[in-house]
Amino acid sequence: MRVRGLDVDADRMTTPIARTTDPWTSHAGAVEVTDSGRRRTQAERCLDVVLTRPGLTAGEIGELTGLGHVPAQRRLSDLKANGKVAVGMARQFLGRPQVTWWPTDRQGTLL
């Protein structure tokens, strides 16, 4: 499922995803997931779901994309930092509260 014309900015997928206090293995993993293109591909898959089915939780997006909750949450955070999505109200998913994810326009305004 690919939404035409809306793509994740390749140059903006280079923000650090490991904290400076993380071990070197985290930094190596961050470089690998970014340089391999997996980070961008995963973010595009999440963005496609948010655009076509706004208001889902990261857990639901993870199920729909096949990524799982944690990788989906990481890519949604990337998309939020890039101004592509915004968080909405929280609701229950599998017995835990999770925020919902909504698309934004280029200025960061909810669509």
Side-chain angles (χ1 to χ4, degrees):
M1 160 180 23
R2 174 117 274 216
V3 178
R4 288 190 167 166
L6 292 171
D7 197 10
V8 176
D9 299 326
D11 59 330
R12 298 190 72 185
M13 277 281 130
T14 57
T15 55
I17 55 175
R19 295 181 191 96
T20 55
T21 56
D22 285 346
W24 71 269
T25 53
S26 295
H27 293 273
V31 168
E32 193 280 326
V33 76
T34 300
D35 290 351
S36 70
R38 276 191 298 147
R39 182 178 177 191
R40 180 178 179 190
T41 300
Q42 290 173 353
E44 288 173 345
R45 289 167 64 186
C46 290
L47 182 59
D48 286 345
V49 172
V50 172
L51 290 170
T52 57
R53 297 190 56 190
L56 297 179
T57 67
E60 293 165 325
I61 293 166
E63 285 182 352
L64 289 171
T65 59
L67 296 174
H69 174 252
V70 173
Q73 179 64 51
R74 290 176 179 155
R75 299 301 75 90
L76 289 163
S77 293
D78 283 343
L79 292 167
K80 180 182 173 198
N82 290 345
K84 301 282 186 179
V85 298
V87 291
M89 299 285 292
R91 63 179 175 79
Q92 293 288 316
F93 176 72
L94 298 179
R96 293 181 172 216
Q98 291 188 13
V99 296
T100 53
W101 293 92
W102 299 85
T104 61
D105 63 14
R106 290 181 186 220
Q107 291 76 37
T109 306
L110 287 175
L111 295 177

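Here the structure is a predicted model, which means the values were calculated and not measured. Excluded from the calculations below are hydrogen atoms, water molecules and symmetry mates; all remaining heavy atoms, backbone and side chain alike, are included.
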Locate the shortest heavy-atom distance separating [X] from [Y]; write the atom from each residue and the value.
X   : Y    : result
L67 : C46  : CD1-SG, 3.7 Å
P54 : W102 : CB-CE3, 3.6 Å
L79 : A43  : CD1-O, 3.5 Å
R91 : L56  : NH2-CA, 3.8 Å
L64 : V49  : CD1-CG1, 3.9 Å
V50 : W101 : CG1-O, 4.0 Å

query: Are V99 and V85 connected in the hydrophobic side-chain network, where two residues link if heavy atoms are under 4.5 Å apart?
result: yes
From [X] atom [atom1] to [Y] atom [atom2], the distance as rounded to the nearest 0.5 Å:
X    : Y   : atom1 : atom2 : answer
H69  : T57 : NE2   : OG1   : 6.5 Å
Q42  : L47 : CD    : CG    : 13.5 Å
T100 : I61 : OG1   : CD1   : 9.0 Å
K84  : L76 : NZ    : CG    : 14.0 Å

- request: Applying side chain to side chain contact (heavy atoms under 4.5 Å, CB included) between R39 and each of E44, R75, R74, report the one that passes.
  value: R75
